[in-house]
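Here the structure is laid out as structure tokens; the discussion comes afterwards.
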Number of protein chains: 2
Amino acid sequence: MAEARGDTRNRILDVALELFNDQGYDATSLREIAERLGVTKAALYYHFKSKADILLELHLRLHDLGDDLLAELDQLPDDQVVAAWPGLVDRFIDAVTENRDLFLVHQRNQRAFEQVINDERHQQANQDIEERFRRVLANDVIPLADRVRMACSIGAVMVGLMGADEIFGDEAAQVVGLVRSTVHELL
Amino acid sequence: MAEARGDTRNRILDVALELFNDQGYDATSLREIAERLGVTKAALYYHFKSKADILLELHLRLHDLGDDLLAELDQLPDDQVVAAWPGLVDRFIDAVTENRDLFLVHQRNQRAFEQVINDERHQQANQDIEERFRRVLANDVIPLADRVRMACSIGAVMVGLMGADEIFGDEAAQVVGLVRSTVHELL
DNA sequence: GTCTATATTTCGATAGAC
DNA sequence: GTCTATCGAAATATAGAC
């Protein structure tokens, strides 16, 4: 029995992602994850060395998605960030649209992600997406008014898109385009 | 000793608010709250009947702040909501500016708030601010494009203002006005 | 890879003295 | 109003059989 390939690991991550989004990371026990998968708690420890390790793996998936965008942002000369922003926001909208649950779990469990990252990785503190993004907005070479617009645009995308399924129901498909044009109006 | 008036209760709430914001509701134990106050865990139970009761009290404070705004919104005829929105957003900005920590703790612990409210209050499910706000955005009498703009405007305010202290440092004071003008551009 | 069984810790909560 | 002491539940994690 069992899954032929290394598939159980992914099923664990899928269930964990769903439960972390519904109930929160702290409020979700390994027992719940195991029961929903029809296995026991101990089985999870064959695939992950700890509960934090599951969250860390979800972080890595998110990290891969945001890495291109943030790397590009980091290498951009300060005086070109504002001009490049609309294009970057469009790609951010695409990423969020295609991976809603993954962005959602990060937004809803920011503190848990931070703790897990800081415990496991003492490398450069360059790992957390939220943290790297924060640094761009704190760059005081860019005019404050522009940075506020940048922050607001991200907020608009997140609230407009991430909760879209719950709020707008079956109209959610049309929402992506509407968010895109709305956000571009303030850039 | 002890505080002359019913002041200890407020000190508990202040410490809890700070820790819930820093670490999250679930990740904060009553032991931590008590230690920071220089009392024991048991003392907390004289002032609150449970941990959830502390969160519930914080919810009530937030509820009072948002109640006027949402009541006004609920009584507004559907075809006047869009026109009234800019004025309501301005008042929302004022409320967030003056009570940043309180709005922050709600945003960062949405699931915990929902569970506490649903457990303690089986009244009308009209208690959670986020929930009532969601219902406005789901009202399909209002054109979808307008509702998306409304959602985006709230997102812009939240990201622009709530994390302002952490992101913008000593420039945070100027941010309020900048967020206000930025958000009005998309309404 | 998954199981049973258990170790260990920590939490929320209560009882009763002061 | 605050303390000491403790209970019971639930969680993470491990050991070892299969």
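So that the names make sense, note that chain A is the first sequence line, chain B the second, and so on, each numbered from 1.
Taking atom NE2 of A:His47 as the reference point, atom C1' of C:dG1 lies 6 Å away to the nearest angstrom. Rounded to whole Å, the distance from CG on A:Asn10 to P on C:dG1 is 12 Å. When rounded to the nearest whole Å, the span between OH of B:Tyr46 and C1' of C:dA15 equals 17 Å. Atom-to-atom, CG of A:Asp53 to C1' of D:dA13 comes out at 13 Å; the value is rounded to the nearest Å. When the P atom of C:dG1 is taken as reference, atom CZ of A:Arg11 falls 13 Å away, rounded to whole Å. Atom-to-atom, CG of B:Leu44 to C1' of C:dT14 comes out at 14 Å; the value is rounded to the nearest Å. Rounding to whole angstrom units, CZ of residue A:Phe48 and C1' of D:dT12 are separated by 16 Å. Here C:dA13 presents its C1' atom at 9 Å from CG of B:Leu30, a figure rounded to the nearest Å.
Position along DNA chain D of the nearest nucleotide to A:Glu32 versus A:Lys49 favours A:Glu32 as the more 5'-ward residue.
A donor-acceptor contact shorter than 3.5 Å links the side chain of A:Asn109 to the backbone of A:Val105.
Nearest nucleotide to the side chain of A:Lys51, out of C:dT14, D:dA13, C:dT2: D:dA13. Side-chain atoms of B:Val39 lie closest to D:dC3 of the nucleotides D:dC3, C:dG1, D:dA13.
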Kindly give the atom pairs (protein nitrogen or oxygen, nucleotide nitrogen or oxygen) under 3.5 Å for nucleotides 7-10 of chain C.
none

N/O-N/O pairs, protein side and nucleotides 16-18 of chain D side, under 3.5 Å:
none

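By the side chain to side chain donor-acceptor pair (under 3.5 Å) test, A:Lys41 pairs with no residue at all, sequence neighbours left out. In this view, B:Ile167 and A:Arg134, A:Leu137 satisfy the side-chain contact (heavy atoms from CB on, under 4.5 Å) rule, not counting sequence neighbours. Not counting sequence neighbours, A:Phe48 has no partner by the ring-ring contact (aromatic ring centres under 6.0 Å, His included) test. Judged as a ring-ring contact (aromatic ring centres under 6.0 Å, His included), and not counting sequence neighbours, B:Tyr45 has no contacts. Judged as a salt bridge (charged side-chain N to carboxylate O under 4.0 Å, His left out), and not counting sequence neighbours, the contacts of A:Arg149 are B:Glu185.
One finds the CG atom of A:Asp165 at 10.5 Å from the CG atom of A:Asp170 (value rounded to the nearest 0.5 Å). Rounded to the nearest 0.5 Å, atoms OG1 (A:Thr182) and CE (B:Met150) are 12.0 Å apart.
Near-neighbour residues of DNA chain C inside residues 13-27 of chain A, defined by a heavy atom below 4.0 Å, are absent.
The terminal axes of the helix from C:dG1-D:dC18 to C:dC18-D:dG1, fitted over 5 pairs per end, subtend an angle of 10° to the nearest 10°.
Of the listed residues (B:Leu19, B:Leu55, B:Ile54), just one forms a side chain to side chain contact (heavy atoms under 4.5 Å, CB included) with B:Tyr25, and that residue is B:Leu55.
Smallest separation of non-hydrogen atoms from B:Ile142 and B:Val136: CD1-O, 4.4 Å.
Pairs passing the side chain to side chain donor-acceptor pair (under 3.5 Å) check and including a residue from residues 61-72 of chain A, sequence neighbours excluded, read A:Asn10-A:Arg61, A:Asp67-A:Arg132, A:Glu72-A:Arg91. Screening residues 171-184 of chain A for salt bridge (Lys or Arg N to Asp or Glu O under 4.0 Å) gives A:Asp90-A:Arg180, A:Asp94-A:Arg180, A:Glu171-B:Arg147 as the qualifying pairs, with residues at least two apart or on separate chains. Note on residues 26-35 of chain A: pairs passing salt bridge (Lys or Arg N to Asp or Glu O under 4.0 Å), not counting sequence neighbours, are A:Arg31-A:Glu35.
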Report the C-alpha separation of A:Asp101 and A:His106 in whole Å, then their side-chain angles, then the decisive distance to 0.1 Å, and conclude whether the side-chain hydrogen bond (donor to acceptor under 3.5 Å, both in side chains) test is met. CA-CA 9 Å; A:Asp101 290 346; A:His106 183 265; over 6 Å; no
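Remark: A:Thr8 is in phosphate contact with C:dT2, judged by side-chain N or O atoms under 4.0 Å from OP1 or OP2. Taking 4.0 angstrom as the limit, B:Thr40 places a side-chain polar atom (N or O) nearer than this to OP1 or OP2 of D:dC3.
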